[in-house]
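A quick write-up on the structure given underneath.
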Amino acid sequence: MSQTVAAFCAQCRSRCGVVATVEGGRLIQVAADPAHPSGAKICPKGRAAPEMVYAPERLLKPLRRTAPKGAADPGWQEISWEAALAATAEGLARTRDRLGAEGVAFAVTTPSGTAISDAIVWIERFIRGFGGPNIIYATELCNWHKDYAPAFTHGAGIGLPDFAHSDCILLWGFNPLATWLAQAGEVQRGLRAGAKLIVVDPRPAGFARRADAWLRLRPGSDAALALGLANLLIQAGRFDRDFMTRWSSGPLLVRDDNGRFLRGADLGLAEAEVLLSADLRRYDPAAGRWLDDPSGIALDAAAAPRGIACRTAFRRYAGRCADFTPERVQALTDVTPEALVQAAELLGAAKAVAHYHWTGLGQHAQATQASRAVALLHALTGSHDVPGGNLYQPAPPLAEMAPLSLLPPGQGAKTLGLAERPLGPGRNGWVLARDVWRAVLEAQPYKIGALVGFGGNLVVSHPEGGLTERALAALDFHVQLDSVMTPTARFADIVLPVTTGWEREGLRAGFDCSLAGQFHVQLKPAVIPPLGQARDDRAIVFELARRLGLGDLFFGGDGDAGYRAQLAPLGVTLEQLRAAPEGLRLPGEAVYRRHEADGFATPTKRLEVWSEALAAVGQDPLPAYAAPAACDGFDLLLSGAKSVAYCHSQHRHIPALRKLQPEPALEINPKTAEARGIAEGQRLRVVTAAGAFEAVAKLTPGLHPGSVVGQHGWWQACDQLGMPAWPATGEGSANVNLGASGTLRDPVSGGFALRSTPCRVEPVT
Ligand SMILES: Nc1nc2c(c(=O)[nH]1)N[C@H]1C(S)=C(S)[C@@H](COP(=O)(O)OP(=O)(O)OC[C@H]3O[C@@H](n4cnc5c(=O)[nH]c(N)nc54)[C@H](O)[C@@H]3O)O[C@H]1N2
Ligand SMILES: Nc1nc2c(c(=O)[nH]1)N[C@H]1C(S)=C(S)[C@@H](COP(=O)(O)OP(=O)(O)OC[C@H]3O[C@@H](n4cnc5c(=O)[nH]c(N)nc54)[C@H](O)[C@@H]3O)O[C@H]1N2
Ligand code: SF4
Ligand SMILES: [Mo]
């Protein structure tokens with residue numbers, strides 16, 4: 001008897017709506033559910049769901065190490081859940097007693113590329129309730145420069161691109177055909193309705209070939225390109241002057257001598273903190289409003305009240321942009337003046353521009369500035385929170401289950417990296433792996449002795465794999481939760497087997513591929529029961545919490561009570577959601593231009609052309625770009641991109657997926673290859689200042705000739721196809737992150753320049 005069950009695929013950010021077919025308790029097939037807001041299509045990973053669930057590599061029982069960490073064979077011994085949970089709780093309690101709660105670090109795998117999103121709020125609730133200030137989370141490599149860095153400009157993340165209704169779609173270092181299928185569908189809808197398309201990518205992948213303007217830039221030069229485009233818009237007067245005047249900090253005066261806003265106190269006014277326009281009209285930043293009538297206020301002006309030379313923030317920004325002439329932009333980015341002008345024409349002509357950027361913009365040493373440069377470019381087009389632009393329609397409200405305030409007093413200040421990067425991810429308790437490793441190996445600034453990894457493959461997916469292995473081997477206590485044995489789990493003392501997303505529930509409010517999806521709420525059912533003894537992450541933290549005296553925080557162990565608390569603000573019950581596994585469309589209308597009512601969540605409550613907050617931490621208050629120094633002996637730039645076949649370091653063991661991408665490819669322009677005597681399919685060694693890794697040449701006509709593009713995440717064998725494993729580290733490894741340099745880092749986020757690392761490529765003989 002076969003039956004169908006509505007659900008969504010939780011494997012990646014797309015969260016495609018699906019219908020699963022189950023026969024005799026076995027998952028047989030997963031298919032798209034066109035009735036679902038993100039269900040038009042599914043990708044090969046979704047189709048391979050049955051292979052993933054029933055893979056012989058699945059871990060189905062808790063394991064305990066019996067051999068020392070250095071040993072070639074960990075000597076895994078199967079143990080009962082009771083023994084595994086008791087040992088875990090005891091290890092955590094022991095470490096907390098000895099070193100304080102900060103002596104335990106946590107790692108959580110990415111919710112954009114795994115199904116951990118089913119449980120992540122509960123995991124964070126557990127970590128914060130326990131008192132852990134340090135979560136290794138990859139955000140600085142992943143989403144920080146799109147979800148947090150844009151807040152320096154407009155107080156929020158990048159927003160929801162309304163691709164389907166846009167006149168001009170701007171994909172910047174983002175390849176949704178491979179990484180966010182539902183959003184690729186929205187792009188296609190927009191194109192069918194006549195939208196123009198601009199793609200900024202060194203690689204001729206995804207939508208690049210179909211773009212009206214493909215800007216094939218040199219990796220990492222994104223900020224220069226954005227400033228150059230902004231320059232053309234400003235020079236031609238083809239920007240939304242009204243929006244910039246009414247809603248940005250552009251009209252406010254900035255002092256030439258100290259780079260601070262001119263304040264009332266500077267002029268001896270009673271209102272010491274007011275900011276001033278060129279004709280000295282007063283703006284109250286605390287209230288977010290002008291005290292004088294702002295009509296006719298100048299955006300671009302200079303003034304010298306009381307002899308204090310000032311220019312408006314906008315004039316300073318326009319001046320910065322003017323440094324990026326088409327000729328200079330070409331020298332910095334390799335984008336021709338013709339292509340630049342063409343793209344600026346498209347942006348200038350569009351009524352609304354919908355844009356998105358992700359890791360192509362984010363994995364660089366100047367990523368925060370690049371994010372600012374693109375946010376301001378987008379602001380110039382006047383597309384903030386308007387139909388066809390980027391929207392700020394919030395997801396339906398679930399109760400916040402993991403606020404930072406759960407951390408006991410004083411713990412938050414212990415978050416590693418906060419002192420060096422006070423505006424970075426540390427503010428949310430998210431830390432760099434390398435900062436944790438320093439605490440493990442050198443007790444700096446304090447000792448960390450234990451790690452709990454909720455998935456994640458730190459040895460392969462994070463930079464500095466060799467360092468990671470040394471630190472993992474030095475831990476006193478390490479628990480890893482995963483569904484397969486990984487190069488990271490190999491170091492653990494206890495490995496807990498977890499279910500896949502198909503074997504457990506998952507609650508999701510808002511499917512943010514589209515405005516319509518944003519109103520959709522769904523409690524995905526478990527389409528099949530858990531395999532073997534696998535348990536779901538959520539149930540595991542409920543149980544660990546009970547054993548660690550945090551039972552009250554976890555509703556006395558009652559998972560449904562937890563869901564009910566989460567659903568309380570929504571006006572939908574758990575029973576209603578369980579009765580509608582395909583999800584519910586909540587009532588509500590889109591609201592646009594939210595800033596007109598609320599202002600922006602920035603220090604000036606305006607969209608910040610000039611950022612005093614960045615200046616206060618030593619960063620340029622205007623978006624900036626400086627060409628990196630040439631690097632002797634390295635004539636190419638190493639970049640990267642994801643394959644549709646895999647998420648990060650997962651799935652190489654799945655036959656249907658491994659057939660799509662059998663080997664770790666290094667994309668290289670045929671001319672670049674020819675000059676080095678490299679042929680298609682040849683084994684190559686990529687050498688950087690930090691290390692080396694191997695890959696297989698894939699000649700890619702059209703690729704930016706000064707760059708090569710690797711794929712991270714290779715380690716695993718596919719036994720069913722007889723395809724080999726790759727060492728995670730050391731000789732012959734294909735681990736791209738062995739080439740990541742600890743010195744090429746974004747100063748605000750701490751992120752690594754994984755996509756702009758100087759390298760050279762040589763054939764392996
Ligand atoms: N199939 C699949 N889907 C995934 C994931 C996965 O691993 N596999 N992971 C999920 C996660 S966690 C994430 S973060 C997202 C990431 O989603 P994306 O950011 O879309 O992922 P990528 O394909 O790695 O990178 C996007 C593009 O950036 C380009 N690029 C490289 N260097 C540069 C540069 O210097 N400048 C610019 N402008 N572009 C550059 C690449 O050529 C690539 O086409 O995908 C999510 N979805
Ligand atoms: N060079 C280079 N490095 C990169 C990137 C890049 O583009 N280039 N991308 C970066 C990005 S964007 C990200 S997000 C990170 C990702 O880095 P990680 O989060 O470490 O992702 P993976 O390497 O795929 O490891 C995920 C592990 O979690 C397990 N897992 C999957 N689902 C679950 C679950 O529901 N529960 C539990 N407990 N475990 C689960 C998987 O089996 C797998 O072993 O990598 C980053 N590293
Ligand atoms: S695109 Fe992502 S969510 Fe959609 S089917 Fe593929 S893996 Fe699943
Ligand atoms: Mo990511």
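Ligands are counted one by one from 1 in listed order, and the atoms in each one are counted from 1 as well.
Using modelled atom types, one finds no donor on one side chain facing an acceptor on the other under 3.5 Å when comparing H145 with S371. Of the N and O atoms on the side chains of R652 and Q716, not one donor lies less than 3.5 Å from an acceptor on the other residue.
Distances from atom 39 (N) of ligand 1 to the heavy atoms of P204, G206, G173, C43 put G173 nearest. The option with the heavy atom closest to atom 16 (C) of ligand 1, from among H357, K642, H651, R203, is K642. The closest non-hydrogen atom to atom 4 (C) of ligand 2, taken over Q716, H712, R755, comes from H712. In the candidate list A433, A107, G455, G455 is nearest to atom 40 (C) of ligand 2, counting heavy atoms. With Q363, Q711, H462 as candidates, the residue nearest to atom 10 (C) of ligand 2 on a non-hydrogen basis is Q363. The closest heavy-atom contact to atom 47 (N) of ligand 2, among the options S112, G640, A115, S461, comes from S461. Closest heavy-atom approach to atom 21 (O) of ligand 2 within the set T109, T500, L481, L458: this belongs to T109. Comparing heavy-atom distances from atom 22 (P) of ligand 2 across P463, S649, A740 singles out S649 as nearest.
Within the 4.0 Å heavy-atom criterion, neither part of R58 lies near ligand 2. Looking at D222 against ligand 1, only its side chain comes within 4.0 Å, counting heavy atoms. Both the backbone and the side chain of T110 come within 4.0 Å of ligand 2, judged by heavy-atom distances.
In this structure, Y356 and W180 have perpendicular ring planes: the angle between them is above 60°, well past the 30° mark.
Classification of D118 and R15 as a salt-bridged pair fails, no side-chain N sitting under 4.0 Å from a carboxylate O.
For W180, no nitrogen or oxygen atom sits less than 3.5 Å from a nitrogen or oxygen atom of ligand 1, counting backbone and side chain alike.
Taking every heavy atom of C647 and a limit of under 4.0 angstrom, the matching atoms of ligand 2 come to 24 (O).
The nearest heavy-atom contact from the protein to atom 45 (O) of ligand 1 is T179 CB, 3.3 Å.
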Evaluate the side-chain contact (heavy atoms from CB on, under 4.5 Å) criterion for residues W715 and T488: first the C-alpha distance (whole Å), next the side-chain angles of each, then the deciding distance (0.1 Å), finally the verdict.
CA-CA 11 Å; W715 62 275; T488 302; over 6 Å; no
